[in-house]
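We're numbering straight along the sequence, starting at 1. Nothing here was measured: the structure is a model prediction, and the numbers come from that model.
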Amino acid sequence: SVTGYTSDKIQNWVFSAKKHFKGNIVVIGYNIPQSTVDFLKSHQVEVYGTRQMGLHIVVQRFFDIFNYLQNNPDYRFVICTDIKDVIFQRNPSDFLEEKLIDKHILVGSEGIQYKNEEWNNNNLKVCYPYLHSLYQDVVVSNAGTFAGKIEYIKDLCFNIFHLSLTAIQNDPQPDQTAFNILINSKTLKDI
């Protein structure tokens, strides 16, 4: 998902994806300049435009990913990444083929526990204070890099969106903590 970025902010992601990834590449766009749309299309990247719902993009993107997948059910794997600070170093589908045999979702760790990282810990405390003490030793996973089998990613995105709407404070970015709550639940941890 992308909002407001010019092509220079996303070109590393686009070029690395085109170099290493052989599947469909889709960007969900919100208020992006026409020059960025033209850049994406010139590199055979589909732009899925949607209208904003008054939510922060980091929350709304999960609803829009769900809707896109609902309307495009023929994918086997889905890879969801941030666009400004992620690059592909090889074809991620090869890794998914190897790793997602008896599992269904792959997430990236930030390699640090909630209690040792100020932004994530504060986000947890503000958005879900009733869980703050329970998650201090949990290693934070990144809501901007995850992949998996389509039916699981579609449901995960739907649930991230809805759990984000329940954040106690009107913090505009509850998605990462919602993501972590869900993937650390017994229901998802096993898959």
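Side-chain contact check for V14 versus V45: some heavy-atom pair is nearer than 4.5 Å.
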Please tabulate, for side-chain N and O atoms in residues 156-166, each donor-acceptor pair with protein atoms closer than 3.5 Å (sequence neighbours left out).
residue	atom	partner	partner atom	Å
N159	ND2	D155	O	3.0
S164	OG	I160	O	2.8
T166	OG1	L163	O	2.7

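The line from CD of Q70 to CD1 of I150 is 9.0 Å long, rounded to the nearest 0.5 Å. We find the OG1-CG distance between T145 and L106 to be 8.5 Å, quoted to the nearest 0.5 Å. Considering CD1 of I10 and OG1 of T6, their distance stands at 8.0 Å, rounded to 0.5 Å.
Remark: side-chain polar atoms of T3 are paired, donor with acceptor, to backbone N or O of Y30 under 3.5 angstrom. Checked by atom type and distance alone, the side chain of S109 pairs as donor or acceptor with a backbone atom of G111 at under 3.5 Å. Although no hydrogens or angles enter the test, the distance criterion places a donor-acceptor pair under 3.5 Å between the side chain of S185 and the main chain of L182. No donor-acceptor pair closer than 3.5 Å links the side chain of N142 to the backbone N or O of V107. Remark: side-chain polar atoms of N71 are paired, donor with acceptor, to backbone N or O of N67 under 3.5 angstrom. Distance alone, capped at 3.5 Å, is enough to place a donor-acceptor pair between the S16 side chain and the N12 backbone. For N123 (side chain) and W119 (main-chain N/O), no donor-acceptor pair under 3.5 Å exists by modelled atom type. The backbone N or O of I112 sits nowhere less than 3.5 Å from a side-chain atom of N116 that would complete a donor-acceptor pair. When atom types are taken as modelled, the side chain of Q113 and the backbone of V138 share no donor-acceptor pair closer than 3.5 angstrom.
Checking Q52 against N31 by side-chain atom types alone, a donor-acceptor pair falls below 3.5 Å. No side-chain donor-acceptor contact under 3.5 Å links H132 and K125. Donor-acceptor pairing under 3.5 Å is recorded for the side chains of E117 and N120.
The neighbour count for K18 NZ, taken as heavy atoms of other residues, nucleotides or ligands under 6.0 Å away, is above 12. For K103, the NZ atom counts as densely surrounded, since its 6.0 Å shell holds more than 12 non-hydrogen atoms of other residues, nucleotides or ligands. Within 6.0 Å of CD in Q34 there are more than 12 heavy atoms belonging to other residues, nucleotides or ligands.
Separation of the H20 and F88 ring centroids does not fall under the 6.0 Å cut-off. F15 has its ring centre less than 6.0 Å from the ring centre of H43.
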Before giving the answer on side chain to side chain donor-acceptor pair (under 3.5 Å), spell out for N121 and Q136 the whole-Å C-alpha distance, their side-chain angles and the decisive distance to 0.1 Å. CA-CA 8 Å; N121 197 24; Q136 290 303 293; 2.8 Å; yes
Assess whether side chain to side chain donor-acceptor pair (under 3.5 Å) is satisfied between Q11 and Y5, documenting all intermediate values. CA-CA 10 Å; Q11 68 183 3; Y5 288 157; over 6 Å; no
Yes or no on side chain to side chain donor-acceptor pair (under 3.5 Å) for Q60 and D64, after CA distance, side-chain angles and deciding distance? CA-CA 6 Å; Q60 183 173 335; D64 293 326; 3.0 Å; yes
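Linking ILVMFWY side-chain heavy atoms closer than 4.5 Å, directly or via other members, places V58 and V140 in a single hydrophobic cluster. In the hydrophobic cluster analysis, where Ile, Leu, Val, Met, Phe, Trp and Tyr join through side-chain heavy atoms closer than 4.5 angstrom, V2 is grouped apart from Y48. Grouping the Ile, Leu, Val, Met, Phe, Trp and Tyr side chains by contacts below 4.5 angstrom, directly or via other members, places F62 apart from F77. Using a 4.5 Å cut-off between side-chain heavy atoms of Ile, Leu, Val, Met, Phe, Trp and Tyr, with links allowed through other members, F95 and I79 fall into the same hydrophobic cluster. Note on I32 and I57: separate hydrophobic clusters, where clusters join Ile, Leu, Val, Met, Phe, Trp and Tyr whose side-chain heavy atoms are under 4.5 Å apart, directly or indirectly.
Across all non-hydrogen atoms, the minimal contact from N72 to Y75 is O-CD1, 3.4 Å. The two atoms that bring V78 and I153 nearest to each other are CG1-CG2, 3.9 Å, heavy atoms only. In terms of heavy atoms, L100 sits closest to G148 at CD1-CA, 3.6 Å. When all heavy atoms of N184 and K189 are compared, the pair lying nearest together is OD1-NZ, 3.5 Å. Here the closest heavy-atom approach between residue I25 and residue W13 is recorded as CG2-CH2, 3.6 Å. Between V59 and P172 the shortest heavy-atom distance is CG2-O, 3.9 Å.
Residues meeting the ring pair (Phe, Tyr, Trp, His ring centres under 6.0 Å) test with F179, sequence neighbours left out: F146.
Using a cut-off of 4.0 Å between Lys/Arg side-chain N and Asp/Glu carboxylate O, D190 and K186 are scored as salt-bridged. Between R61 and D175, at least one side-chain nitrogen of the basic residue sits less than 4.0 Å from a carboxylate oxygen of the acidic one, meeting the salt-bridge criterion.
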